[in-house]
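Computed from a predicted structure; not experimentally measured. In what follows, chains are A, B, ... by sequence order, proteins preceding strands, each numbered from 1.
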Amino acid sequence: MSEVYRGRAPNIEINKITREKIKFTLSGVDSSVANSLRRVMIAEVPTMAIDVVHIHTNTSSLHDEFIAHRLGLIPLISENQDNYDFPRDCKCTGHCEHCAVQFRLKVKNQEGGVLDVTSRDLRHLSQQGNDVRPADSDGPILILKLRKNQEIDITCNARKGIGKEHAKWSPVATAVFKYTPDIYLNQQRLESQFTAEERKEIVNSCPVGVYKLNEESNIEVVKLNKCMFCEECMRKGEMIITRSASALLNVHDNVVRVSQLKDRFIFKVESSGALKPESIVSKAFTILTKKLDDIKQLIPPLINTR
Amino acid sequence: MESSDNKKFSVAEDETGKGCTFAFTGEGHTIGNALRYLLIKNQDVEFCGYSVPHPAEPVMNIRLQTYKNPPLETLEASLNQLTSVCDLLLSKLDSKNI
Amino acid sequence: MSQNSHQEQNLLIPAFLQLRGLVKQHIDSYDYFLTTDIKQIVSSPSNCCVLSDYNPDFYLKYKDIRVLMPSIEEDAVISSITPHECRLRDLTYAAPIEVDIEYIKGNKIICRSGLEIGMMPIMLGCCNCVLRNKSEEELAKMLECPYDPRGYFIIKGVEKVILIQEQASKNRIIVEIDSKNNVVAQVTSSTHEKKSRTVVQSKGSKIYMKHNTLSEDIPIAIVFKALGVQADQEIFQLVGTQKQYIDALGMSLQECSILNILTEKQALRFIGSKIKNSKAAKTGRTKIEEARDVLATVVLSHVPCENYDFRAKIRYLGIMVRKVIDAMNDPKKVDDRDYYGNKRLELAGQLVGLLFEDLFKRFNSDIKKHVDKIFSKPKSSKGEPFDVITAMNKKMITEGLNNAISTGNWSLKRFKMERAGVTEVLSRLSYMSALGMMTRINSQFEKTRKISGPRSLQGSQFGMICPSDTPEGESCGLVKTLALTTHITIDQPEEQISKLAFSLGVEDASLFSGDELYSPGVFRVFLNGQPLGVHRDADFLINSLREIRRKGKISEFVSVVKVEEEQQIHIACDGGRLTRPFIIIEKCKSKVEPKHIKELTLGLRNFDDFVNEGLVEYLDVNEENNAVIAMRHENISEDTTHLEIDPFTILGCVAGLIPYPHHNQSPRNTYQCAMGKQALGIIGYNQFLRVDTVLYLLAYSQTPMVRTKTIEIVNYDKLPAGHNASVAVMSYSGYDIEDAIILNKASSERGFGRSLIVKRQNSDLRRYNNGLSDRLVMPPVIHGDNPPPSIKKFHALDKGGIVAVGSIVQTGDVLVNKETPVNKVDDIEMSKLTDNDFKPSFTCFKGPNPTQVNRLFIACNPEEPFLIKTVTIETRPPELGDKFSSRHGQKGVVGLIVQQEDMPFNEQGWCPDMIMNPHGFPSRMTVGKLIELVAGKSGVFQGKFKYGTAFAGDKVIDCGEILVKNGFNYTGKDVLMCGTSGELVGAYIFSGPLYYQKLKHMVADKMHARAIGPKTALTRQPTEGRAREGGLRLGEMERDCLIGYGAASLIQERLMYSSDVFIASVCESCGNLGYEQWCQFCKSRLNIVKVKMPYACKLLFQELQAMNIRPKLNLSSS
């Protein structure tokens, strides 16, 4: 495997972990692998979400389907979703304790005024599924509002699924990676062909402040990772010299050149609350491996038939 | 629409025995792009490309042409490479996490 | 005056709209009808009394008339109703009309007050409506949305709008050139009594007068003589003594002498002989008297003429002739028919007034007939003396009004008016469509005529009528919309103005001779098209009138116009003129100062105070010609007289949705005006309480990021119709060609574009004349899991026979298990009824998809004792084929729905909800959309709404700076990474938030297929329409294409074998159609042959046979 990468082995460095987000750097792999990881994190990491809704009573102002849609989108803490089977894999008919967790939502507004029905009103029907509960530690999630004498009585089943099937099962608010910028400043040309004023112009052309003019009036890169690849600095450099923006086409001799490092990716993953961010990443690897294993298993029979 | 049943994988070979089109059911760009990259890195591979013929169907095709080895083996080798990369990264992640 | 005060001036506009404008026109005109006009109708001499021809002592006099508050009478109990109750129970929102009468009964005079003669439909929001002046809370208690535009009627549960009708001004002289290149001056005279058209026409070099009552054109000189102008010199003086007039009139005067008509009597006799349908013989009047009558009352009827004093008519005729001669010499003097100064708009109050007058007259003539019948018979001495109240048919007025408003057919015998399409059902597709319909103007031109004049954009429309909002297609340019600050005037009484004019120095024209009338410096003064007099100092009169108007002593809607070249002053106080407000400028300074605006915001001042104190003034289209109006403060120069309040008011309320419309190609704004009315959104706060046939709603509607001042004034921000979609403008996947849109699957699963279709089905249990009525039956019990379809369709019913709320129904499921009696006519004993006397007639659910029943509504009204309405709600997420559009006329259909991970993303993790193809921009040139995106993006970072008001709005440079400050590119373009491969997309992608609307054209309502299906009974051809599972027509033009290919067999297959092929038996000997081997004509079985023909052909032959034409078929074997 390392011969493939010619020098840099795959590596992962965690930059920052909080309760909701994780920022890590993946290096030594190609963009296709990084992208596969990102895609699996968004679409194929399983979580639990409410999937089947039985409505016994609904006299609120929202109709049944509307409420069912909202219930499905509530993120449920699914750290232990390995304990549950996918509904299609479970041997029961209907549902059982291995594939579903049941909740009951029964609220009636008896006092008057407006009563908010939130995720805190979802109660488990049995002790066993207690670990799967709404991810509302930051605040209750509003489901609907009831007026005086309106009530709802709903039983719902939370089942396991993946984001590919419906976005409610996606564990991430967003999973994204970006390339590390690689900035090359032709200092020789900068000192010979540009005045201090012009160098200052190049520094100011950057909207996010990547550059700074140091004491000798030379351009220095200070905030490399803020670069957003707008290429304003490149354009500015060429325009000052040639008074024409088309000089950018001559890639070899640019004054400023901004490009991306091809094998270093900064990932930012923010969880929706269903799983811990580091769980999402490790599960993503596991699932990716499993997919590859599933394919690998199909190969030997084919080789044998050849 | 679940992802793990009906996972099929068919092979269509051509006369030379060195070129194959693999048709995966239930997989898409996630596996396709990564595999394609690794296959191209392999010196023995003459041609490799992947496509998703129609966005409404969950079918993905990979076309592989090799110089020497049988394509199925080359594919298996790349799958192993990718698996090992993932395992390595996972172990590094777990170790750093704790 | 600084920039700030200019911004604050805008506050005048919401103040204006609170008081007038938009829907207030309808309400104010109806108020005028209910309070003033109706009383005038009843007290006018022709209507106030009913006399009998047979009993001279009898009379019935109407003293007063009133309209009360809306109510309904049920079971002899009168209770007040709210509009919402009327909508739900299919009632009419009407109030009783009460009269006070005095009449003779027997020998006594009886006064009766409070007698009801009918029910008047009440417009919502008018002075008699319960919703008037209620606070939001009180409206909520009555289940009404506070933002509902009102101004419509509710007839039998249906909301009907009387559209504003546009027509040419009455009682004005219009000069035009007719098809034979003759100059024609027309006046359509219209008074309360009569309506007719008088034409002064030039044929060659002679001038004639034409009128409907006269069978032939009469030379003008003869008319003058008949009116009393005997001397030729007088005629010249009346028309004009310059050379051109003398030359032109010369020929006409010669006519006189040719015909040997020199005296008044001769002229009258001549005219009398030309009267059509002369009743001279019957009523015993001479021709001369009849001619005099015609001239006095029918010709130019709007010019007053008392006791045969024709002087006013003579002057008027002289003016008309002068205009014709002027136009003959100078073609530019022809009037423009489409000029808005010559047009009047008719509102609901006037139309209902006409209708009511006609119905009242018929009511009275009915009473008269009844009275005459009673009195013509010999009086029987026994019994009660006749009470005329019994003759009053209350239903006539009630039903006449209801039917006219509900069908839209205004057919008034007296005015010979037959108008159709006066009312329309209020469109509730979205809030904007309701508001747009309330400000719509219908033109009286037919849609089939091709002349472009009335359809094109008129210069005089500026500020009065919206330039962009007109439908595409056959009614383009004929149906228009009011601009934001337009006000339509109401009739003012004329005497006050004419008295004022006379006291200001207007001299009666009869004191002058013809010559003096036309001398330079003398201005002729007209009031509402009628000559009032002359004035020698025009400026003094005009300035004084305007000063008095600004002080509030006469109505602010009186207009005073000076026409310099014609030397005329026109004063107008009639109704139906378009006016709009301006700020008065004096000595280069605006009279509206910041302190006034401050008082306005504090609530110490309202818009009327501005008008009454002479700070703001209303100008109508004609008076705008005299004013020099500055658009903005910077444009004020020395001779500026007025200042526009704000330029964005030239657009109407629907065009006001468009952000930065001044950066768009104008047809795109017009397309958006049409589509904005089809966007799904929130109808009103009471949308879930309404029971409409179909309501389209958006589940998670959002208020737009980039808005305009109009949006806030009109309350669209509170009832929005769309989503702020994150859009990336790039080519992606190739499924976005030809304006198709690519949607993000995860976004739609999270609620983007999710629409709710609320439908209603009615069912009523009727009572029949024999006392029997429909009944509800318990449904059969369903056993087991797989009942047969005939039983399965009852699964949703509860024990009462009506569908249970919350159940899911499919096509064919029974909603109401109703049975109808078989025998509806004969009397049957109730106790002898068995089940066999009833047959099932259940109401089934019609709809393609399974839907859930949301509400059930059971009510009764005077016509239907038991009414059941079932409301179903269907939730539709967006799918391939649903139509979306931005606010710039860029519509498109969903071409592909793509997973979130395949979507391009930026380094912060943002991915678009929707991808739009950039090819839609170059030819369409909707730069406003580009600016909306940049402005919206900057607003997202600042947390503020941005404004894209027309001719103003946030500047792109400022928005760019905000983007840069937040780390994005000032152009709005971002670096995105491809979702499928992870690599950078090779170009910068323009992306940001855009407001997208989902339109009501959804594929689920349109998708249709048919292989073999039902056929029409009459022609045995496939049915038409999706609802009847119809086929698609191969029309004449498609047939021509197939002919062009020479595909004969294909044509035969399509037109016969797949459609209505029929094997007819034809008799070879006689050539007639027979049947089943028998020819009825030959009476034999021999010679019958089978022939294949389309059934329509066989039907044609039979229909011809029914008309005694024998289509004989000559057969030969091939």
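- Within residues 972-982 of chain C, the residues approaching chain A closer than 4.5 Å by heavy atoms are, in numerical order, Val975(C), Met977(C), Cys978(C), Gly979(C), Thr980(C), Ser981(C), Gly982(C).
- Between Glu901(C) and Arg38(A), the shortest heavy-atom distance links the atoms O-NH2, 2.8 Å.
- In this structure, the portion of Cys227(A) lying under 4.5 Å from any heavy atom of chain C is its backbone and not its side chain.
- Both the backbone and the side chain of Phe177(A) come within contact range of chain C, judged by heavy atoms closer than 4.5 Å.
- Checking Thr875(C) against His63(A) by side-chain atom types alone, a donor-acceptor pair falls below 3.5 Å.
- Interface check for chain C: of the options Val172(A), Val176(A), Ile42(A), the most heavy-atom pairs under 4.5 Å are formed by Val176(A).
- Counting heavy-atom neighbours within 6.0 Å of Arg264(A) CZ, excluding the residue itself, gives a total of 12 or less.
- A distance of 9.5 Å separates CH2 of Trp169(A) from CD of Glu749(C), quoted to the nearest 0.5 Å.
- Chain A forms the most heavy-atom pairs under 4.5 Å with one residue out of Trp910(C), Phe968(C), Tyr970(C), Tyr700(C), and that residue is Tyr700(C).
- Of the two parts of Asn969(C), the backbone and the side chain both hold a non-hydrogen atom closer than 4.5 Å to a non-hydrogen atom of chain A.
- In terms of heavy-atom pairs under 4.5 Å with chain A, the best-connected choice from Leu963(C), Leu689(C), Asn966(C), Ile873(C) is Ile873(C).
- Put simply, of Glu270(A), Lys226(A), Arg70(A), the one with the most heavy-atom pairs under 4.5 Å next to chain C is Arg70(A).
- In terms of heavy-atom pairs under 4.5 Å with chain C, the best-connected choice from His69(A), Lys168(A), Glu65(A), Lys268(A) is His69(A).
- Of the two parts of Arg754(C), only the side chain, counted from C-beta on, holds a non-hydrogen atom closer than 4.5 Å to a non-hydrogen atom of chain A.
- With a threshold of 4.5 angstrom between heavy atoms, Glu983(C) approaches chain A through its backbone and through its side chain.
- Nearest heavy-atom pair across Lys745(C) and Glu165(A) is NZ-O, 3.5 Å.
- The number of heavy atoms from other shown groups lying within 6.0 Å of NZ (Lys283(A)) is above 12.
- For Ser61(A), the part lying near chain C is the backbone, with the side chain staying farther off; criterion is any non-hydrogen pair under 4.5 Å.
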